[in-house]
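A short write-up of the structure that comes next.
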Amino acid sequence: MPGAPPRSPGHRSSSGAGVGRVAVDDLMSALLTCLPDPPFSAARGRGTLFCGAAGQEDRISHLPKALLSNIISRLPAKDAARTTTLSTRWRRLWASTPLILDDADLVVFPQRGGPPRVDWAAVFAAVDRILTSHPGPFRCVHLTVCHMAPHGGALARWLRLLAAKRVEDLVFVSRPFPVHVRLPADVLRISSLRRLYLGFWHLPDLLPGLPRGPEVFPHLQEIGLCHNATRSALSAEVIEHLLQCSPVLEKLAIILNYDGPTHVSVRSRSLRCVVLWMSLAWELAVVATPRLERLILWQTIPGYPCEFFVTKVKIRNAPELRVLGYLEPSIHVLEIGNTVIQAGTRMTPANMVPSVKILAVKVRFGIRKEAKMIPTFLRCFPGVETLHVMSDEADEPSGKCNLKFWQEVAPIDCLEARVKKVVFSQFRGKRMELAFLRFVLERAQILEKLVVVLANGDTATEDDETCTKLKALATAKRASQSPPTVVIVAREGDSAWCFHRASDLSASDPFDG
């Protein structure tokens, strides 16, 4: 809502208060794209099992037990359960195979001549039967379609079953949204967890007697908190509690939490990656994270006026931080050590982070004060070797950063002596964008590759006006003795940037699609 004043830091909206601003269906769709995929699911292609028709030899049943168990584990849950009717051996195999359950595989969608709607009660009953009858262990349980509001009494029992049968991977989303169901504290008693994603729940309040300490989640490596709440919003205290309970946690993702927490303070000896995805916070402070390698920020929320919500990003102690972004001058205030970084801030070792090698910024070049932050950010991170710049449109341009502005920028050590690759995305052919690209070519002495991703990639052609403007860069003076490779990318469809890419620790550069 343009023109609305920013919320005060103490503001906490009631549960679901932001739903009116972000459509419920859009919110759920966005959440589902962020959830991890189960190892095998009907959604990836339905498995089938053929053991021979009547009078034909059943060769499958004579396969080794380990191979048959592998086959069962790849079947949708209801088909895997049906194998128990084949023979006594198959019944024992199902019971001895670590369970992989995705409740989406249990949904029977309406067909012509059938029931007019999905029988959600039947889906719930099927999940309940499987969780009760299978002896465990549970390798992976993804519950994203079960309607929990009418069955709140079963929640604690399910969580106790998951704990007793040692589930390792749990994705648990409450439906129907926006009814937030209170999640029992029994979730803190599942000590076998290695990955945990929780969505649309009222999380347990931090009451005396609640399980705490490293014995709670001794194996947990990844946690995702997706639009959850406590009494009013996702509590910063709950996040701190979870970090204290997870001694080997490597990845923390806060997803679609735009009504809180107001402050996030990250202290962890094991964390390698923190992701603030489509979420808002007044402050994100990396306080004591000796192993943190990545701090991923993506606060664009469709339908939500993020420009009225400023986040202070504090970096205190992160000696191994290698990847940072997207920093957005429009909504981020960067603080390193005890220094708030502004255009023209004098650099000292106390307000620089030399460990960062990959930096991503999102800038509206039509707003001069934002574009002026690019040189400042580069001076804060003198070790940058790869720079990603995403150009954003300004509704009301204010000031221009033309070629003269960039020519007057004082020397930047990392740009001149370290940057080997620059990726400029959402290029629209604006004069201010071209001026920045020319500045890069004239200053980067060891630049090897410049990649320009067109904003109109779906319709771009070689003779397109935007491409023609880029070809003019060929005449720019080059600082590099070996001319860099210039690549123009006309990517079809949406950007490759997504939550899974951003949070993938195996990707050397999460911003590079």
Side-chain angles (χ1 to χ4, degrees), residues 32 35-43 46-47 69-85 90-108 118-176 179 181-204 211 216-217 219-220 223-224 226:
L32 293 177
L35 297 177
D37 292 324
F40 310 108
S41 170
R46 179 166 297 280
S69 291
N70 189 284
I71 292 173
I72 292 174
S73 71
R74 295 169 184 267
L75 293 173
K78 61 182 178 182
D79 293 340
R82 286 173 181 164
T83 63
T84 61
T85 64
W90 281 99
R91 192 176 307 119
R92 290 195 298 266
L93 281 168
W94 179 78
S96 64
T97 299
L99 180 69
I100 296 177
L101 171 60
D102 181 2
D103 64 351
D105 292 341
L106 303 175
V107 177
V108 179
V118 173
D119 187 348
W120 296 113
V123 175
F124 181 91
V127 171
D128 190 68
R129 285 195 304 272
I130 293 172
L131 292 179
T132 302
S133 60
H134 196 285
F138 291 169
R139 176 181 168 190
C140 173
V141 175
H142 285 211
L143 304 175
T144 60
V145 302
C146 274
H147 284 211
M148 304 307 306
H151 307 285
L155 271 178
R157 182 170 58 84
W158 280 15
L159 292 172
R160 287 193 296 269
L161 284 171
L162 292 170
K165 300 178 182 181
R166 303 193 60 76
V167 64
E168 295 183 357
D169 183 337
L170 176 61
V171 176
F172 205 0
V173 177
S174 177
R175 297 283 193 108
V179 180
V181 179
R182 187 167 296 281
L183 185 66
D186 297 82
V187 71
L188 297 175
R189 295 182 171 86
I190 311 178
S191 61
S192 55
L193 283 171
R194 297 183 182 273
R195 178 163 64 182
L196 174 64
Y197 275 69
L198 297 173
F200 300 139
W201 295 102
H202 266 298
L203 299 180
V216 176
F217 295 129
H219 310 292
L220 189 63
I223 187 166
C226 317

Q: Write down the atom of His134, the atom of Gly136, and the distance for their closest heavy-atom approach.
A: ND1-N, 2.9 Å

Q. Within the distance-only criterion (no hydrogens, no angle test), does the side chain of Arg175 pair as donor or acceptor with the backbone N or O of Thr144 below 3.5 angstrom?
A. yes

(Q) Any heavy-atom pair between the side chains of Leu183 and Leu159 that's under 4.5 Å? (A) yes

Q) Do Val171 and Pro36 touch side chain to side chain, with heavy atoms closer than 4.5 Å? A) yes

(Q) Is the shortest side-chain heavy-atom distance between Phe138 and Leu170 below 4.5 Å? (A) no

**Q.** Distance in Å, Leu161 CG paired with Arg166 CZ, rounded so as to fall on 0.5 Å steps
**A.** 14.5 Å

**Q.** Main-chain N/O of Phe172 paired to Trp201 side chain as donor or acceptor, under 3.5 Å
**A.** yes

**Q.** Between Trp158 and Asp128, a side-chain donor and acceptor under 3.5 Å
**A.** yes

Q: May I ask you to test the Leu101-Leu106 pair for a side-chain heavy-atom distance under 4.5 Å?
A: yes

Q | Trp120 and Val107, any side-chain heavy atoms less than 4.5 Å apart | A | yes

(Q) The test is side-chain contact (heavy atoms from CB on, under 4.5 Å); show your working for Arg157 and Leu131 and say whether it passes. (A) CA-CA 10 Å; Arg157 182 170 58 84; Leu131 292 179; over 6 Å; no

Q. SG of Cys140 to CZ of Arg195: how many Å apart, nearest 0.5 Å?
A. 7.0 Å

Q | Ile100 versus Arg139, closest heavy-atom pair with distance | A | CD1-NH1, 3.6 Å

(Q) Would the distance check show the side chain of Asp103 and the main-chain N or O of Cys146 forming a donor-acceptor pair, the cut-off being under 3.5 Å? (A) yes

Q. If we only count heavy atoms from C-beta on, is the Asp37 to His142 side-chain gap below 4.5 Å?
A. no

Q) Once you round to the nearest 0.5 Å, how far does OG of Ser133 lie from CG of Leu99? A) 8.5 Å

Q. For the side chain of Ser192 and the backbone of Val167, is there at least one donor-acceptor N/O pair under 3.5 Å apart?
A. yes

Q) Are side-chain heavy atoms of Leu188 and Phe217 found at a separation under 4.5 Å? A) yes

Q) Looking only at heavy atoms, what is the nearest atom pair of Ala163 and Arg189, with distance? A) CB-O, 3.5 Å

**Q.** Gap separating the CG atom of Leu143 from the CE atom of Met148, nearest 0.5 angstrom
**A.** 7.5 Å

Q) Would you call Pro38 and Asp105 a side-chain contact if the rule is heavy atoms closer than 4.5 Å? A) no

